[in-house]
2 protein chains.
Amino acid sequence: MVRYQTQLKFPLPRKRDHDIVPKRSNISSKYLDSIILGDCLDILQDMPDNFVDLVVTSPPYADRRSKVYGGVKPRDYVGWFLPISDQILKVLKPTGSFVLNIKEIAVNGERLTYVIELILQMRNQGWLWTEEYIWHKRNCYPGKWPNRFRDAWERCLHFTKGKDFSMYQEEVMVPMGDWSQSRLKNLSETDKIRDNSKVDSGFGKNVSNWIGRDKVYPTNVLHLATECGNKNHSAAFPVSLPSWFIKLLTKEGDIVLDPFIGSGTTAVACKSLNRHFIGIDINAAYVDLATKRVKSKMEKGRECNE
Amino acid sequence: MVRYQTQLKFPLPRKRDHDIVPKRSNISSKYLDSIILGDCLDILQDMPDNFVDLVVTSPPYADRRSKVYGGVKPRDYVGWFLPISDQILKVLKPTGSFVLNIKEIAVNGERLTYVIELILQMRNQGWLWTEEYIWHKRNCYPGKWPNRFRDAWERCLHFTKGKDFSMYQEEVMVPMGDWSQSRLKNLSETDKIRDNSKVDSGFGKNVSNWIGRDKVYPTNVLHLATECGNKNHSAAFPVSLPSWFIKLLTKEGDIVLDPFIGSGTTAVACKSLNRHFIGIDINAAYVDLATKRVKSKMEKGRECNE
DNA sequence: GTTCCGCATGAATCGATAG
DNA sequence: ACTATCGATTCATGCGGAA
């Protein structure tokens, strides 16, 4: 197999003294911040054990995107995925997490069962099924059928290697409900603009603290819209989704792996949040697109859709 | 490499005498609009086949409410429920639906698997797993844990006996999103007229679809609040939940069964919507409470929390 | 500079048609 | 009988041009 590796040269985040469990040798650091072309099964087999802090991915769904990917049949799906999840188990640190975004399709009026069978089989493999988050898609695909409504949710299955894993809950706290919103609405437009600019320049901290006091822990239901109208890339996976889990489950400088990187959404999220990424994809056009998108991200700074 | 063959070969659904649509004899009508004390397994065995239009229920979850109910252990849950779902399959009409509100609990940092195992086993039993609705609990139970957030959703599993079942989608249509109000209300009168005239010529078809339309079909994600502050009962199950499925899946005069009626929520919903109810509970205090609640409902009319 | 509106675009699903 | 492709259905969102 042709192994085409794109090594992007990004400045490493500031050194911190609280890591490092495995010392980052030359062999292991070659993976950092790169989009790798190849079958993730092969790539993962060569990767060091206990190396990655978080795996977050949205694999091709059964019978979808068959032109780009192979088009895995529903009845082959579990058998196709289990060897991959086995390799993920190997490269993940003991305190790491695996977040799997997936949804079963409906065929002939019935939901197929390969996703829930996969959960059971991954438990046999050694995974802990820690939690199931719901991604509520505010703008779901339209359509009308006699026997069902539009499908507006997907699973974000959270697996870990053990009971004790890293979780930084404060990083994803959200503003409180109506009360704080009405309070913020009453700020004048100029105030908001000024305060925003202050935050960027490191000033205006008092305002963000004031806002921070009205924050509350989220639940296991995420309300995010898909990104549909973007011209360069149309990711089924909005940046905000991996961003949320990256903030929740890693700290700055950690390593995040996406074995089905697609258009590079997870890598873009990592760059915004000062985490290292490792992206893998079997499709050369996607590797190209993801590489370009991350480079553009580094040049232009923060993207709007984050 | 281990090859796992998914999509197990399930036996075909048992043949049932679907042709017999029972007339409402004395024997069968004795069940209507009553709350029955007893084990639902016994009661259902005596009930006529193909008798009920909808079964909607929220059974005791594993290890919850153990003082009131038996307190079924997680590892016994599937074995405990399967005989009941088998009886439900029997009493349900061929075009009927079974909506099961359930959520797995977390033990030792892990979500248990009895619910997804139950889905697989019920398919084995002959059920079609038609859809999984998500009930998003806007005000969920408070709490804070180091390894998980508050659980803000539950499954509403929709099972049917076949592909063709009754569904009245117009009954649960919802107001359109904000965007239409902010955009369409500002269309000038001439614009509306022009767009309407375009319909005849084949242009502007999609525009005309929105004119004069204020309702839209919902999705498979339900946003309902729990009822928290009621004095008599603390039902985890708000009236709005069975109400929604009753409107969607039955018409007036149809028969709705809840084999775990509890405080009588499903019966209350039925009385509001002019459907017949059959409630069963093994706990005498609950049968008492539900009976009183339905009587009070019939006297006082509509309840506030509906 | 705002706000407003036209338009394209989706990890969808079903039923019909064709090989 | 089983698979591959196609048309019809539907609605929230972001972008870009217009007012």
Side-chain angles (χ1 to χ4, degrees), chain A residues 57-77 100-112 114-115 135-156 189-190 193 223-241 260 262-263 265 286 303-306, chain B residues 7 12 130-132 163-165 167 169-170 173-188 190-192 194-195 198 203-211 213-221:
Chain A
T57 195
S58 188
Y61 298 178
D63 269 353
R64 299 273 177 255
R65 304 210 171 173
S66 42
K67 283 173 195 160
V68 182
Y69 297 102
V72 184
K73 291 280 154 221
R75 68 170 154 273
D76 302 327
Y77 203 88
L100 179 61
N101 167 229
I102 197 167
K103 179 65 191 265
E104 55 269 51
I105 58 173
V107 171
N108 247 334
E110 195 182 16
R111 287 277 160 209
L112 298 187
Y114 57 91
V115 173
W135 170 27
H136 172 222
K137 295 190 280 189
R138 291 164 57 233
N139 58 337
C140 63
Y141 202 90
K144 181 178 185 329
W145 310 277
N147 55 346
R148 71 179 61 248
F149 290 132
R150 293 168 292 150
D151 190 6
W153 67 277
E154 296 190 10
R155 306 178 195 275
C156 293
E189 285 305 313
T190 51
I193 290 163
H223 301 272
L224 305 171
T226 57
E227 295 160 3
C228 52
N230 292 351
K231 20 178 212 258
N232 292 333
H233 57 276
S234 64
F237 195 52
V239 183
S240 48
L241 190 62
F260 303 95
S263 62
T265 306
Y286 266 137
E303 278 192 0
C304 54
N305 47 7
E306 174 191 332
Chain B
Q7 211 70 18
L12 288 174
T130 298
E131 182 57 303
E132 179 169 349
K163 280 181 59 176
D164 296 316
F165 56 91
M167 196 178 202
Q169 301 189 350
E170 310 72 33
M173 291 184 83
V174 292
M176 250 184 162
D178 294 336
W179 64 273
S180 68
Q181 281 131 39
S182 61
R183 289 187 170 194
L184 286 182
K185 77 177 178 191
N186 290 329
L187 281 179
S188 70
T190 52
D191 273 345
K192 287 184 205 168
R194 188 176 50 208
D195 286 330
K198 275 182 186 168
F203 285 92
K205 188 177 160 197
N206 49 356
V207 176
S208 72
N209 275 344
W210 307 123
I211 301 295
R213 192 171 158 189
D214 54 342
K215 297 212 176 218
V216 121
Y217 293 102
T219 70
N220 58 0
V221 176

Check every atom of dA12(C), dA11(C), dT13(D) against the side chain of Tyr61(A) and return the nucleotide holding the closest atom. dA11(C)

Side chain of Lys163(B) only, please: which of dG15(C), dA12(D), dT13(C) is the nearest? dG15(C)

Provide, to the nearest angstrom, the distance between the CZ atom belonging to Arg138(A) and the P atom belonging to dG10(C). 19 Å

Test item: Trp135(A) side-chain N/O and Leu224(A) main-chain N/O as donor-acceptor pair under 3.5 Å: yes

Is there a side-chain contact between Asn147(A) and Gln169(B), using heavy atoms and a 4.5 Å cut-off? no

Would you mind telling me which of dA12(D), dT9(D), dA12(C) lies closest to the side-chain atoms of Trp145(A)? dA12(C)

Nearest-0.5 Å distance, OG1 of residue Thr57(A) to CZ of residue Phe237(A): 6.5 Å

Hey, where does DNA chain C pair up into stems, meaning at least three consecutive Watson-Crick or G-U pairs with distances under 3.5 Å? C:2-10 with D:11-19, C:12-19 with D:2-9

Asp63(A) CG to dC2(D) P, in whole Å, measures 15 Å

Closest non-hydrogen atoms of Ser58(A) and Phe260(A), given as atom of the first, atom of the second and distance, are O-CB, 4.2 Å

Which is it for dA12(D), anti or syn, if anything within 90° of zero counts as syn? anti

Can you tell which of Arg111(A), Arg155(A), Lys103(A) makes a salt bridge (charged side-chain N to carboxylate O under 4.0 Å, His left out) with Glu132(B)? Arg155(A)

Hey, is the side chain of Arg75(A) poking within less than 4.0 Å of OP1 or OP2 on dT3(D), counting only N and O atoms? yes

With respect to the phosphate group of dC11(D), does any side-chain polar atom (N or O) of Arg150(A) fall under 4.0 Å of OP1 or OP2? no

Distance below 4.0 Å between Arg148(A) side-chain N/O and dC14(C) OP1 or OP2: yes

Contacts of Arg148(A) that satisfy salt bridge (charged side-chain N to carboxylate O under 4.0 Å, His left out) - sequence neighbours left out: Glu131(B)

Does Arg111(A) make a side-chain N or O approach to OP1 or OP2 of dT13(C) shorter than 4.0 Å? yes

Mind checking Ile105(A) for me? I need base, sugar-phosphate or nothing, with any heavy atom below 4.0 Å counting as a touch. sugar-phosphate

By the 4.0 Å heavy-atom rule, please label Pro218(B) as base, sugar-phosphate, or nothing. nothing

Let me know the distance between CD of Glu131(B) and P of dT13(C), rounded to the nearest Å. 8 Å

When the distance from CD1 of Ile102(A) to C1' of dA12(C) is rounded to whole Å, what number comes out? 16 Å

How far does the C1' atom of dC14(C) sit from the matching atom of dA12(D), given to the nearest Å? 22 Å

What's the closest nucleotide to the Pro142(A) side chain, out of dT10(D), dA12(D), dG15(C)? dT10(D)

Distance-only, no hydrogens or angles: does the Glu154(A) side chain make a donor-acceptor pair with backbone N or O of Lys137(A) under 3.5 Å? no

For the pair made of OH in Tyr141(A) and P in dA8(D), what is the distance, rounded to whole Å? 13 Å

Is the ring pair His136(A)/His223(A) parallel, tilted or perpendicular, if the boundaries are 30 and 60 degrees? perpendicular

What's the OH-P distance between Tyr217(B) and dA12(D), to the nearest Å? 14 Å

Once you round it to whole Å, what is the distance between P of dA1(D) and CG of Asn108(A)? 14 Å

Considering only heavy side-chain atoms of Arg64(A), the closest of dG10(C), dC14(C), dA11(C) is dA11(C)

Between dT13(C) (P) and Lys103(A) (NZ): distance, integer Å: 7 Å

